[in-house]
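None of these values were measured; they are calculated from a predicted model. Throughout, numbering of the chain's residues begins at 1 and tracks the sequence.
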Amino acid sequence: MMLTSIYVAYNGWKLKLAFTPLANSIRHWTATFAHIQLMLGMVLYFYSPILKYSMPVSSRALMSQHAFFKYLHIAFMLLAIVVLTVGSAKAKRASTASAQHKTILIWYTVALILILIAIPWPFSPFASRPLFR
């Protein structure tokens with residue numbers, strides 16, 4: 001959904017298209033789905049065995065896998081949703097269609113980058129775990 005929103009915003013900004021009700025609905029539903037995903041993630045976060053049984057982070061292992069999931073993952077995901085929400089609100093209040101498209105493009109792209117950073121990829125130095133178990 002976020003990629004669709006970024007694509008629509010890029011085309012609308014580049015081609016100087018009007019900010020249609022469809023573009024506004026995509027903006028709205030992207031933010032709504034992101035908030036639903038955040039709530040599901042919070043439930044999983046607080047019931048996670050990684051969080052329950054993680055030992056305190058020592059100064060020697062400042063960036064262990066436990067520290068990644070306990071601090072960085074949730075911080076970056078929360079920050080991404082805040083950025084997405086601010087961008088959605090700013091776009092809704094922008095005065096021109098070009099400004100609306102550009103606002104969505106910038107803020108949603110930053111949110112997507114934050115989300116991609118926070119994903120525990122198999123090649124990540126912070127959290128090495130497979131995509132599927």
Side-chain angles (χ1 to χ4, degrees):
M1 192 79 187
M2 189 179 288
L3 290 176
T4 303
S5 193
I6 290 171
Y7 176 77
V8 168
Y10 177 76
N11 279 342
W13 175 64
K14 207 61 163 159
L15 302 174
K16 303 200 183 322
L17 300 175
F19 195 73
T20 62
L22 176 64
N24 189 44
S25 292
I26 292 171
R27 173 204 59 82
H28 170 75
W29 286 108
T30 300
T32 301
F33 285 143
H35 285 99
I36 291 169
Q37 181 69 38
L38 175 68
M39 292 297 107
L40 291 173
M42 294 295 275
V43 168
L44 290 173
Y45 178 76
F46 288 112
Y47 288 108
S48 169
I50 291 176
L51 200 83
K52 277 184 190 171
Y53 304 114
S54 69
M55 297 178 359
V57 179
S58 69
S59 61
R60 286 182 282 141
L62 186 59
M63 193 38 58
S64 68
Q65 184 167 327
H66 294 293
F68 174 80
F69 285 107
K70 195 169 186 179
Y71 303 115
L72 286 182
H73 182 71
I74 191 159
F76 273 89
M77 291 298 186
L78 281 170
L79 183 62
I81 300 304
V82 168
V83 167
L84 186 125
T85 304
V86 169
S88 179
K90 283 183 167 285
K92 187 166 56 170
R93 290 167 180 74
S95 57
T96 65
S98 179
Q100 288 175 315
H101 287 299
K102 187 176 179 182
T103 302
I104 290 173
L105 178 63
I106 292 170
W107 287 84
Y108 281 28
T109 302
V110 171
L112 179 62
I113 290 168
L114 288 171
I115 289 170
L116 291 174
I117 290 171
I119 292 174
W121 299 105
F123 52 82
S124 172
F126 303 124
S128 58
R129 46 187 275 184
L131 286 178
F132 301 105
R133 294 185 205 202

Shared ILVMFWY cluster between [X] and [Y], side chains joined below 4.5 angstrom?
{"X": "Tyr10", "Y": "Ile104", "result": "yes"}
{"X": "Leu3", "Y": "Leu105", "result": "yes"}
{"X": "Trp13", "Y": "Tyr7", "result": "no"}
{"X": "Ile74", "Y": "Leu44", "result": "no"}
{"X": "Tyr108", "Y": "Val8", "result": "no"}

Sidechain-backbone polar pair: Thr85 side chain, Ile81 backbone, donor-acceptor under 3.5 Å: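 Checked: pair present.
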
Verdict with reasoning, Val43 to Met39, per side chain to side chain contact (heavy atoms under 4.5 Å, CB included): CA-CA 6 Å; Val43 168; Met39 292 297 107; 5.9 Å; no

Could you pull out all residues at least two apart from [X] that satisfy side chain to side chain contact (heavy atoms under 4.5 Å, CB included)?
{"X": "Ala89", "value": "Arg93"}
{"X": "His28", "value": "Thr32"}
{"X": "Lys90", "value": "Val86, Thr103, Trp107"}

Nearest heavy-atom pair of [X] and [Y]: which atoms, and what distance?
{"X": "Val83", "Y": "Ala111", "answer": "CG1-N, 4.0 Å"}
{"X": "Gln100", "Y": "Lys92", "answer": "NE2-O, 4.0 Å"}
{"X": "Trp121", "Y": "Leu116", "answer": "NE1-O, 2.8 Å"}
{"X": "Met2", "Y": "Leu112", "answer": "SD-CB, 3.5 Å"}
{"X": "Ala80", "Y": "Ile115", "answer": "CB-CG1, 3.5 Å"}

His101 side chain near Asn11 side chain, heavy-atom distance below 4.5 Å: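 Side-chain contact under 4.5 Å: no.
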
Spacing of CZ belonging to Phe19 relative to CZ belonging to Arg27, to within rounding of 0.5 Å: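 With rounding to 0.5 Å, CZ (Phe19) is 6.0 Å from CZ (Arg27).
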
